[in-house]
Amino acid sequence: MRHHLFTLGCFGAAMTLYVLGEQQHAGLPILAGALSELLGWKRLLSRKQRG
């Protein structure tokens with residue numbers, strides 16, 4: 001569940017950048033949040049398969 005906080009923080013930072021007019025810089029926090037979420041789900045699913 002810890003990765004959800006990082007994901008929300010990244011998406012919040014991206015939204016703030018977008019609203020402030022920095023649309024070209026908002027992509028990196030979105031990608032970081034999405035990658036964190038994907039890795040978290042991958043870890044969760046691999047644990048369920050093992051145990």
Side-chain angles (χ1 to χ4, degrees):
M1 296 307 262
R2 290 178 291 185
H3 66 277
H4 291 304
L5 293 175
F6 182 74
T7 301
L8 288 174
C10 286
F11 288 159
M15 186 172 58
T16 302
L17 286 171
Y18 190 84
V19 168
L20 292 176
E22 295 291 329
Q23 289 89 357
Q24 67 272 17
H25 298 300
L28 189 60
I30 289 173
L31 289 176
L35 180 64
S36 169
E37 195 68 25
L38 286 174
L39 292 176
W41 278 105
K42 180 181 173 187
R43 178 197 272 171
L44 179 69
L45 293 176
S46 69
R47 283 184 187 173
K48 283 186 177 182
Q49 289 176 354
R50 280 189 264 161

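Heads up: numbering here begins at 1 and tracks the sequence.
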How long is the straight-line distance from CG of Leu44 back to CD of Gln49, given to the nearest 0.5 Å? 10.5 Å
Value rounded to 0.5 Å, distance of CD1 in Ile30 from OG1 in Thr7: 12.0 Å
I'd like to check the side-chain contact (heavy atoms from CB on, under 4.5 Å) partners of Gln23; sequence neighbours left out, ordered by chain and number. Tyr18
What residues join Leu28 in its hydrophobic cluster, counting side-chain heavy atom gaps under 4.5 Å, either direct or through other members? none
Has the side chain of Thr16 got a donor or acceptor atom that lies under 3.5 Å from a matching backbone atom of Gly12? yes
